[in-house]
Structure formats: structure tokens, C-alpha cells
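The structure appears right after this line, and notes come after that.
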Amino acid sequence: MLHRCFLVIGALLSLAVSLLVAQETCPATQMPGMPGIPGLPGRDGRDGEKGQKGQSGEAWRGGLGPQKGERGDPGLMGFPGKRGQSGEPGKSGIPGMSGPPGEPGEHGIVGVQQQAAFSVARGTNDYPDKASVIRFTKVITNIHNDYDTVTGHFRCRVPGMYYFVFHASLDDRLCVLLKMGETLLASFCDHRRSRRQVTSGSLAVYLTRDQEVWLETKDYRGMRGKPSGYSIFSGFLLHAY
């Protein structure tokens with residue numbers, strides 16, 4: 001190795017001397033000399049100092065295939081999908097605040113006011129008029145005068161379920177209609193012609209306040225009566241609502 005170094009140095013000195021001689025011998029012409037022979041390569045330099053540790057690279061996520069890039073910008077909103085199945089009911093929420101007080105209700109009816117009953121007799125032996133209200137003028141029972149002997153109507157004062165019944169003495173054919181306002185509740189007819197006999201009919205019906213119920217004749221009106229009875233119309237409250 002040392003021998004190689006001396007050879008290189010000798011070659012460089014020889015080249016330098018040749019250049020000087022050429023300059024001294026040919027000052028007037030200024031002609032360049034011939035290039036010298038390239039020297040031998042120098043030896044390898046010493047190892048440098050250890051550099052600082054570099055920053056860690058991104059984690060490797062998979063094999064040799066394409067790697068996932070950075071998250072892109074959100075795309076446009078797609079079309080709505082089909083309605084999914086209903087989920088399970090959630091837990092009950094916290095009770096809400098109490099609402100405002102409601103409006104006052106109708107006045108209640110207590111004690112004796114919940115009683116309603118009447119029983120009245122025909123009071124005359126004359127037939128009632130055809131297709132007219134049958135008036136019972138002889139009062140037997142009439143709480144709070146709910147039955148009007150002038151009009152022949154019973155007016156409901158206590159809403160609830162009522163039971164109405166009539167018993168009639170007749171010596172000719174008779175048809176009696178039980179009516180409530182414009183509504184026909186029932187029709188009771190007896191077409192037998194014989195000596196004096198008794199017929200009757202009854203019905204339970206719900207009434208609201210101020211509704212009216214009465215008996216009315218149709219074509220046949222063979223009802224008899226007298227002040228002591230024979231033909232009687234009665235009604236009473238079964239249950240107030």
C-alpha cells in the first residue's frame with residue numbers, strides 16, 4: 001500500500017516538472033504540453049461519525065398490496081333508504097308538569113234530589129182523543145212534580161236509567177205509543193174486542209236531563225178510567241248517572 005502511494009506521488013511530481021520545463025523552453029510560443037498520465041486511485045477515507053436517529057415512519061398496514069390513503073372529503077348525500085324496522089320501546093320519560101285545572105263540571109245531584117218517581121191515573125171514563133197525548137190527571141205519586149198533568153209529559157230532572165209502565169182498562173181495541181221527543185220507544189197494541197179487560201206494557205230507557213216521555217194514542221183508543229184508577233201510568237229512576 002505504501003509502495004502504491006509513492007508511485008502516485010512520483011507520477012504527480014513528474015507531471016509538474018514536465019509542465020515547468022515546457023514553460024521555460026517555450027516561452028514565446030505558449031503552446032500547452034501533453035496531458036500527464038492519470039494517477040492511481042486514492043485509498044478509502046475513514047468512516048464518519050454516527051448520525052442522529054431519524055423520525056419514525058408511518059405504520060405499515062398490510063402486505064404488499066395498495067395501502068389506505070388519507071381520509072377524503074365527504075361525498076354528496078345519497079337517496080333515502082328504505083324504512084328500517086322499529087326499535088324496541090325506550091324507557092319511560094320523566095313525568096311532565098301538571099296541566100291547568102279543568103273546567104267545572106255539572107252540578108251534582110245528591111240526597112233526595114236523586115229520587116224520581118211518579119204514578120198517575122187516567123181520572124176519566126172517556127176515551128182519549130185519537131192520535132193525541134194521553135193525559136193522566138189523578139196524581140198518586142209525583143216527586144218534585146216531574147210529571148205534568150196538564151201536558152201529560154214526564155220531564156227528566158235526574159239523568160239516568162228509568163223504568164216506565166202502564167196498566168190500562170179497556171172495552172175496545174187499543175194502541176198505545178211510548179214516545180221520547182221525536183223518538184218512538186215502543187208500541188203496545190191490543191186488538192181484541194170483548195168485555196172489559198186489562199192490558200199493560202213497560203220499558204227501561206236511559207234519559208238525559210230535560211228529555212220528556214209520554215203515552216200517545218194511535219188509531220185505536222179504547223182506554224177507560226175513573227178517578228180511583230183502572231188506567232195508570234208510572235215511572236221511576238233505576239240508577240242515576
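Using a 4.5 Å heavy-atom cutoff, the side chains of Leu177 and Leu215 are not in contact. The closest side-chain heavy-atom distance from Phe188 to Asp190 is not below 4.5 Å. Counting heavy atoms from C-beta outward, His144 and Arg157 have side chains that approach closer than 4.5 Å. For the pair Pro128/Glu216, no side-chain contact is recorded, criterion being any heavy-atom separation below 4.5 Å from C-beta on. With contacts defined as side-chain heavy-atom distances shorter than 4.5 Å, the pair Val133/His153 qualifies. Annotation: side chain of Cys189 is not in contact with side chain of Leu174 (no heavy-atom distance under 4.5 Å). Using a 4.5 Å cut-off on side-chain heavy atoms (C-beta onward), Thr124 and Thr137 make no contact. Looking at heavy atoms from C-beta onward, Val176 lies in side-chain contact with Phe166 at the 4.5 angstrom threshold.
Linking Ile, Leu, Val, Met, Phe, Trp and Tyr residues whenever their side-chain heavy atoms come within less than 4.5 Å leaves Val213 and Val165 in two separate clusters. Tyr127 is not connected to Ile232 by any chain of hydrophobic side-chain contacts under 4.5 Å among Ile, Leu, Val, Met, Phe, Trp and Tyr, and they are in different clusters. In the hydrophobic clustering of this structure, Tyr163 does not group with Leu203; members are Ile, Leu, Val, Met, Phe, Trp, Tyr whose side-chain heavy atoms approach within less than 4.5 Å, directly or through other members. By the criterion of side-chain heavy atoms lying less than 4.5 angstrom apart, applied directly or through intervening Ile, Leu, Val, Met, Phe, Trp or Tyr residues, Ile134 is grouped together with Val139 in one hydrophobic cluster.
Exactly one of Leu237, Leu207, Ile143 qualifies for a side chain to side chain contact (heavy atoms under 4.5 Å, CB included) with Val158. That residue is Leu237.
What you find for Tyr147 and Gly152 is that their closest heavy atoms are OH-CA, 3.3 Å. Listed here is the closest heavy atom pair of Met180 and Leu185: CB-CD1, 3.7 Å. Here the shortest heavy-atom pairing between Val120 and Phe136 reads CG2-CB, 3.3 Å.
We find the CZ-SG distance between Arg209 and Cys156 to be 8.0 Å, quoted to the nearest 0.5 Å. To the nearest 0.5 Å, the span separating CD1 on Ile140 from OG on Ser234 amounts to 6.5 Å. Put simply, CG on Asp126 and CE on Met223 are 13.0 Å apart, with the number rounded to the nearest 0.5 Å. From Ser231, atom OG reaches atom NZ of Lys138 across 15.0 Å, with rounding to the nearest 0.5 Å.
The distance between the ring centers of Phe233 and Phe154 does not fall below 6.0 angstrom. When ring centroids are compared, Phe236 and Phe118 stay outside the 6.0 Å threshold.
A donor-acceptor contact closer than 3.5 angstrom is absent between the side chains of Thr141 and Ser119. Side chain to side chain, Glu212 and Trp214 fail the donor-acceptor criterion of an N or O pair below 3.5 Å.
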Test Tyr220 against Asp172 for side chain to side chain contact (heavy atoms under 4.5 Å, CB included), laying out the working first.
-> CA-CA 8 Å; Tyr220 305 117; Asp172 199 351; over 6 Å; no
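Relative ring orientation between Tyr241 and Tyr206 is described as perpendicular, the plane-to-plane angle rising above 60° on a 0-90° scale split at 30° and 60°.
Using a 4.0 Å cut-off between a side-chain N of Lys or Arg and a carboxylate O of Asp or Glu, Arg155 and Asp146 do not qualify as a salt bridge.
No donor-acceptor pair closer than 3.5 Å links the side chain of Thr199 to the backbone N or O of Ala168.
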